[in-house]
Asker: 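This is the structure I want to talk about, given as structure tokens.
Atoms within a ligand are numbered from 1 in the order they appear, just like the ligands themselves.
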Amino acid sequence: MWEGGERRRFSPGIRMKLFGFLLPLVFLLIVTVAYAVTEITEFALRRDLLQRGAAISRVVALSAGYSLLSGDRLALDRLAAETRASAPDIVFVAIRDVSDVVVAHDRISEHGKPFSAPESSSPRGIFAETRADEVTRDGRNLIEYTTPIAFAGKRVGTVALALSTEGLSVAQRSLRRRIVATSAVILGIAFFGTLVLASLITTPVKRLHEAVLSLGTAETFRPIPVRISDELGDLTRNFNRMAETILSQKAGLREQARRLEEAYISMVRVIAASLDARDPYTLGHSTRVAKLSCELGRRLGMDEEELMHLERAAIFHDLGKIQTPDDVLLKEDRLTRAEVEQMRSHPADGTDILRMAPFLQRYIPVVRAHHEWYNGDGYPDGTKGAEIPPHAQIISLADAFDAMTTDRPYREALSTEEALEEILRFKGTQFSPELAEEFARMVRELPPMDEATLKSMAL
Ligand SMILES: [Fe+2]
């Protein structure tokens with residue numbers, strides 16, 4: 001998008017940047033904590049399972065020693081069956097003799113068989129004299145505990161007890177589901193919390209940013225409300241004070257510039273009036289040209305500011321004549337070619353004078369062009385039609401009309417109607433046809449200018 005001739009690239013605001021920075025950080029933190037909680041809890045569950053199975057196996061081993069030595073198979077079977085029934089996750093309980101032949105089992109069919117090896121096995125720890133292995137039997141994952149049976153310091157057999165890991169898996173899945181659900185809720189809260197936090201931090205900064213932007217063009221300043229008492233609050237308070245100082249100084253500077261401009265304008269008005277007064281025939285000329293120009297400008301719908309500039313340009317239009325020598329300016333006889341050239345240099349001379357003051361430079365194009373003709377036959381640049389500034393076209397009409405309706409050394413003044421006929425005769429050549437028509441209509445509607453009016457317009 002083009003703004004002020006400069007392409008603006010999309011740039012996220014400070015709120016979005018803060019939000020974009022904080023949210024991944026919070027997300028990472030929550031995921032890390034959830035992962036750590038899951039790992040610790042699962043480790044605890046697994047350790048509890050291992051320790052519980054080892055404890056049961058040890059109790060069975062302690063209970064089985066005497067019965068095994070005395071050959072009381074019935075007691076051993078009952079021990080195996082009761083142990084098997086004591087917890088739902090116990091898969092089997094087997095008591096083997098030193099030859100690894102099963103002498104008691106919760107399943108009678110296993111009696112007398114060699115204790116079979118698992119399909120796969122990996123050690124999971126040793127708890128006192130009990131060893132725990134994770135094994136696979138008949139496609140099921142089990143934790144198998146092996147505890148030696150000792151009697152009077154002599155090993156007489158082995159207890160093998162297996163626990164199912166399904167309960168552990170179920171507990172782990174349930175745990176993970178709860179952790180994921182809790183994490184999602186915390187993430188949602190963190191999302192809105194981060195949004196609110198980013199907003200809380202950046203709103204005062206955003207207000208400051210908008211205030212700084214508006215300070216360049218604003219005439220008045222409404223202090224930013226301060227609702228916080230931290231560094232941002234102090235910054236806002238200081239900004240409010242600074243903005244008020246800047247605006248007050250700006251207003252002072254504007255007023256000084258206006259006064260300076262007025263002083264310049266007044267000075268040039270005096271110069272223009274003095275210039276008119278050099279020649280008794282042109283006394284009050286600039287003022288009359290200004291009045292007629294403004295009258296036409298008003299009819300054309302110009303606002304007050306534009307009329308002010310038109311009036312000033314009209315007052316200044318012949319300023320360059322200050323450089324025209326008296327013997328040329330006041331000469332009553334016909335001018336020589338060189339003298340005509342000297343007279344014709346006054347629009348350019350006027351612009352040189354206006355160029356010296358920055359406030360007056362805006363009038364340069366109009367002053368330079370006030371002797372240009374609509375058809376391009378004028379001077380000094382030979383511009384034509386719409387190339388000639390509208391204010392210059394208006395002043396040209398008023399200038400010609402005033403020159404014709406005042407006495408000159410070489411001729412008497414024309415009447416108003418005669419002068420208007422001349423103007424209309426030159427429409428399309430010297431003057432814009434539309435402006436010439438409008439000027440004639442205007443003058444015909446104006447009250448006749450008597451001697452007193454002319455005198456009152458002289459200075
Ligand atoms: Fe002139």
Side-chain angles (χ1 to χ4, degrees), residues 268-294 296-297 309-332 334-355 360 362-384 387-411 413-414 419 422-423 426 429-432 435-436 439 454 457-458:
V268 181
R269 275 178 199 275
V270 170
I271 294 169
S274 312
L275 199 64
D276 288 350
R278 276 170 75 195
D279 179 354
Y281 293 103
T282 59
L283 186 69
H285 169 69
S286 302
T287 315
R288 288 192 299 275
V289 170
K291 183 176 168 54
L292 286 167
S293 300
C294 287
L296 183 55
H309 293 309
L310 177 60
E311 192 243 349
R312 287 178 179 176
I315 293 284
F316 306 156
H317 78 280
D318 272 343
L319 200 60
K321 283 188 179 170
I322 204 164
Q323 294 189 33
T324 313
D326 278 353
D327 54 350
V328 176
L329 188 71
L330 307 176
K331 189 174 179 182
E332 296 192 356
R334 190 180 180 79
L335 298 179
T336 65
R337 183 182 291 272
E339 288 166 341
V340 168
E341 284 308 310
Q342 268 185 306
M343 277 298 287
R344 285 188 160 207
S345 71
H346 79 272
D349 294 340
T351 61
D352 290 341
I353 295 167
L354 294 175
R355 198 169 285 121
L360 305 178
R362 69 164 76 213
Y363 305 111
I364 286 176
V366 180
V367 169
R368 187 175 178 87
H370 78 274
H371 280 295
E372 298 290 356
W373 279 32
Y374 189 74
N375 64 0
D377 285 349
Y379 62 90
D381 302 314
T383 47
K384 59 183 176 184
E387 295 167 9
I388 307 168
H391 284 198
Q393 296 187 42
I394 291 171
I395 292 168
S396 167
L397 277 163
D399 187 23
F401 177 77
D402 188 69
M404 287 190 277
T405 52
T406 50
D407 287 330
R408 293 291 152 119
Y410 43 87
R411 59 149 175 80
L414 300 185
E422 277 297 295
I423 281 176
F426 279 89
T429 50
Q430 185 173 353
F431 308 113
S432 146
L435 288 179
F439 185 79
L454 292 174
M457 290 164 67

Asker: Classify the angle between the aromatic ring planes of F316 and Y363 as parallel (below 30°), tilted (30 to 60°) or perpendicular (above 60°).
Answerer: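 Aromatic pair F316/Y363 classed perpendicular.
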Asker: How far does OG1 of T405 sit from CG of L292, to the nearest 0.5 angstrom?
Answerer: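 It comes to 8.0 Å.
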Asker: List the residues meeting salt bridge (charged side-chain N to carboxylate O under 4.0 Å, His left out) with R312, not counting sequence neighbours, and say none if there are none.
Answerer: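 By the salt bridge (charged side-chain N to carboxylate O under 4.0 Å, His left out) rule, R312 matches E261, E262.
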Asker: Tell me, which pairs form a salt bridge (charged side-chain N to carboxylate O under 4.0 Å, His left out) where one or both residues lie in residues 339-348, sequence neighbours left out?
Answerer: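 Salt bridge (charged side-chain N to carboxylate O under 4.0 Å, His left out) check on residues 339-348 returns K331-E339.
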Asker: Sorted by chain and residue number, which protein N/O/S atoms are under 2.8 Å from the Fe ion (ligand 1)?
Answerer: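 Protein N, O or S atoms closer than 2.8 Å to the Fe ion (ligand 1): D318 OD1, H346 NE2, H370 NE2, H371 NE2.
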Asker: To the nearest 0.5 angstrom, please state how far the OH atom of Y374 sits from the CG atom of L435.
Answerer: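 Going from the OH atom of Y374 to the CG atom of L435 covers 8.5 Å.
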Asker: Using the side-chain hydrogen bond (donor to acceptor under 3.5 Å, both in side chains) criterion, which residues pair with S432? Sequence neighbours excluded.
Answerer: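 Partners of S432 under the side-chain hydrogen bond (donor to acceptor under 3.5 Å, both in side chains) test: E434.
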